[in-house]
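Throughout, numbering of the chain's residues begins at 1 and tracks the sequence. On a predicted model such as this, the values are computed, not experimentally measured, just so you know.
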Amino acid sequence: MSFVEYSDCIQDGDVAIVYLGHESMTPVKVKRGAQTQTRYGVIRHSTDLIGQRYGSKVTCSKGGWVYVLHPTPELWTVNLPHRTQILYTTDIATITMMLELKPGSVVCESGTGSGSLSHAILRTIAPTGHLHTVEFHQQRSEKVLEEFKEHRVDHLVTVRNQDACKDGFGVTGVADAVFLDIPSPWEAVRHAKTAMKKHGGRVCSFSPCIEQVQKTCEAFSDQGFEDISSIEVLLRVHDVRTVYLPLPDFGPDPSAQIQPDSTITPPQNHASIAIKTTIPPRDIQGHTGYLTFATKTQDLIIIYLHHKYTGCIL
């Protein structure tokens with residue numbers, strides 16, 4: 001099992017997602033001889049999990065059943081232990097797209113936090129890319145490194161316990177993209193520029209307050225970044241339902257010829273038609289944060305051509 005390489009069967013040492021319902025899931029470290037308690041009964045790892053295919057329906061000791069799913073960054077985001085506020089899939093998808101991440105990309109991140117975005121980045125840049133992530137808090141950096149090893153993605157990531165605003169990212173001229181999720185991102189902009197490759201690249205800063213965005217945009221401009229823009233991503237989920245609408249009554253057909261002795265019958269109840277429609281939610285998820293993007297300008301390369309006859313520099 002790996003968060004970037006998918007396998008068919010559950011093995012000893014895997015991290016699996018036990019799915020009890022859409023709003024009830026939990027990660028489980030599979031271990032031979034261990035048990036997991038659920039509201040539907042006990043799941044015995046040796047007999048109920050190990051050797052079973054991911055996605056299997058597992059019957060618990062009380063007769064209830066659960067599904068066992070392969071872990072993905074999206075499932076980990078909704079199940080991980082929160083050590084900090086995290087980014088969710090709506091913002092994560094926008095970040096990975098706007099930073100133009102792809103397999104082989106080198107990315108710098110600060111701060112690591114609970115590792116929600118980190119796992120999505122690792123899946124995107126695998127198998128040949130690398131993530132340099134910086135976390136100021138020592139215990140959080142140690143815990144997230146432990147999780148990377150447990151999820152078998154540690155070969156794709158380097159975790160540093162340092163202050164990105166003071167010490168930078170520990171690398172120079174290698175990053176295709178940089179992501180900042182820290183209280184004062186404007187103090188790390190110059191370090192982000194240093195970490196990025198000379199041919200350019202993209203940088204993103206996540207901030208919950210517009211005052212932070214203003215200072216960060218000023219820092220981007222001072223450091224020569226271009227294409228500076230800030231966006232806010234709000235999720236609005238529509239419910240799909242079946243509704244029944246009555247067919248309209250347009251009255252008698254004027255083109256129809258009525259016999260003199262015929263009588264007009266009163267209109268009857270008209271049939272209704274079933275259609276699928278979407279209903280917007282009454283409550284919409286509120287503000288999470290602003291995403292500010294910028295592009296590093298390419299360094300100018302001046303080429304001097306020496307004319308062999310005139311001796312002039314062209």
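Classified by interplanar angle (parallel below 30°, tilted 30° to 60°, perpendicular above 60°), the ring pair His151/Trp76 is perpendicular. Ring planes of His130 and His132: tilted class, angle from 30 to 60°.
Checking side-chain atoms of Arg202 against main-chain N and O of Met98 turns up a donor-acceptor pair under 3.5 Å. Side-chain N or O atoms of Gln11 include none that pairs as donor or acceptor with a backbone N or O of Met1 at under 3.5 Å. At least one donor-acceptor pair under 3.5 Å links the side chain of Ser2 to the backbone N or O of Val4. Without hydrogens or angle criteria, Ser46 side chain to Gly33 main chain gives a donor-acceptor distance under 3.5 Å. No side-chain donor-acceptor contact under 3.5 Å links His45 to the backbone of Val30. For the pair Ser114 (side chain) and Ser116 (backbone), a donor-acceptor distance under 3.5 Å is absent. The backbone N or O of Lys197 sits less than 3.5 Å from a side-chain atom of Lys296, completing a donor-acceptor pair.
Taken together through direct or relayed side-chain contacts under 4.5 Å among Ile, Leu, Val, Met, Phe, Trp and Tyr, Val189 and Phe169 form part of one hydrophobic cluster. Criterion: ILVMFWY side-chain heavy atoms under 4.5 Å apart, direct or through other members. Under it, Tyr244 and Ile275 are not part of a common hydrophobic cluster. There is a path of hydrophobic side-chain contacts, each under 4.5 Å, that joins Val15 to Leu20. Linking ILVMFWY residues whenever their side-chain heavy atoms come closer than 4.5 Å, directly or via other members, places Ile95 and Val144 in the same cluster. In the hydrophobic clustering of ILVMFWY residues, with side-chain heavy atoms under 4.5 Å counting as a link, Phe3 and Ile10 come out together.
With rounding to the nearest 0.5 angstrom, the CG atom of Asp91 is 9.0 Å from the CD atom of Glu232. If you take CG on Leu180 and CD on Gln212, they are separated by 11.5 Å, rounding to the nearest 0.5 Å. Separation of atoms CH2 (Trp65) and OG (Ser56) is listed at 13.0 Å; rounding is to 0.5 Å. Remark: His119 NE2 to Thr77 OG1 distance equals 8.5 Å, nearest 0.5 Å. To the nearest 0.5 angstrom, Leu49 atom CG is 12.0 Å from Cys9 atom SG. Between the OG1 atom of Thr47 and the CZ atom of Arg32 there is a distance of 10.5 Å, given to the nearest 0.5 Å.
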### Query
Checking side chain to side chain contact (heavy atoms under 4.5 Å, CB included) for the pair Leu117/Phe179: CA distance, chi angles, key distance, verdict?
CA-CA 10 Å; Leu117 175 64; Phe179 176 76; 3.3 Å; yes

### Message
Could you go through Arg83 and Glu135, starting from their C-alpha distance and side-chain angles, then the distance that decides it, and tell me whether this counts as salt bridge (Lys or Arg N to Asp or Glu O under 4.0 Å)?
### Response
CA-CA 12 Å; Arg83 298 179 289 272; Glu135 173 57 49; over 6 Å; no

### Message
Assess the residue pair Arg39 and Ser24 against the criterion (side chain to side chain contact (heavy atoms under 4.5 Å, CB included)); give the C-alpha distance rounded to whole Å, side-chain angles, the decisive distance to 0.1 Å, and a yes or no.
### Response
CA-CA 11 Å; Arg39 64 171 178 261; Ser24 180; 3.5 Å; yes

### Query
Can you list the steps and then say if Glu142 with Gln138 is a side-chain hydrogen bond (donor to acceptor under 3.5 Å, both in side chains)?
CA-CA 6 Å; Glu142 293 173 352; Gln138 181 177 355; 3.1 Å; yes

### Query
Can you check side chain to side chain contact (heavy atoms under 4.5 Å, CB included) on Ser105 and Thr124, steps first, answer last?
CA-CA 8 Å; Ser105 296; Thr124 305; over 6 Å; no

### Query
Hey, mind stepping through Gln52 and Val68 against side chain to side chain contact (heavy atoms under 4.5 Å, CB included) and telling me if it holds?
CA-CA 9 Å; Gln52 300 293 325; Val68 183; over 6 Å; no

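In terms of heavy-atom proximity, Phe220 sits nearest to Val203 at CE2-CG1, 3.6 Å. Closest of all the heavy-atom pairs between Cys60 and Tyr40 is CB-O, 3.1 Å. The heavy-atom pair separating Ala164 from Ala188 by the smallest distance is O-CB, 4.1 Å. Heavy atoms only, all atoms of each residue included: Tyr290 and Ile210 are closest at CE1-N, 3.8 Å. The heavy-atom pair separating Cys217 from Ser230 by the smallest distance is SG-OG, 4.0 Å. In plain terms, the two heavy atoms of His82 and Leu80 that are nearest each other are CD2-O, 3.1 Å.
Side-chain contact between Cys165 and Ile182: present, with at least one pair of heavy atoms (C-beta onward) separated by less than 4.5 Å. For the pair Phe293 and Asp227, the minimum side-chain heavy-atom distance is 4.5 Å or more. Side-chain atoms of Lys102 and Asp176, non-hydrogen and from C-beta on, never get closer than 4.5 Å to each other. Inter-residue side-chain proximity for His191 and Ser110 is flagged as unmet; no heavy-atom pair is nearer than 4.5 Å. Using a 4.5 Å heavy-atom cutoff, the side chains of Lys143 and Glu146 are in contact. The side-chain heavy atoms of Met25 and Val78, taken from C-beta on, include a pair separated by under 4.5 Å. Considering only heavy atoms from C-beta on, Trp186 comes within 4.5 Å of Thr216 through its side chain. Put simply, the side chain of Leu156 does not reach to within 4.5 Å of the side chain of Leu131, judged on heavy atoms.
Screening Thr26, Ile43, Val58 for a side-chain contact (heavy atoms from CB on, under 4.5 Å) with Thr38, the sole residue that qualifies is Ile43. A side-chain hydrogen bond (donor to acceptor under 3.5 Å, both in side chains) with Thr112 is found for exactly one of Asp181, Thr133, Thr84, namely Thr133. Exactly one residue among Thr292, Leu291, Val213 makes a side-chain contact (heavy atoms from CB on, under 4.5 Å) with Phe206. That residue is Leu291. When each of Asp14, Leu69, Asp8 is paired with Tyr54, the side-chain contact (heavy atoms from CB on, under 4.5 Å) condition holds for Asp14 and for no other.
Counting heavy-atom neighbours within 6.0 Å of Arg53 CZ, excluding the residue itself, gives a total of 12 or less.
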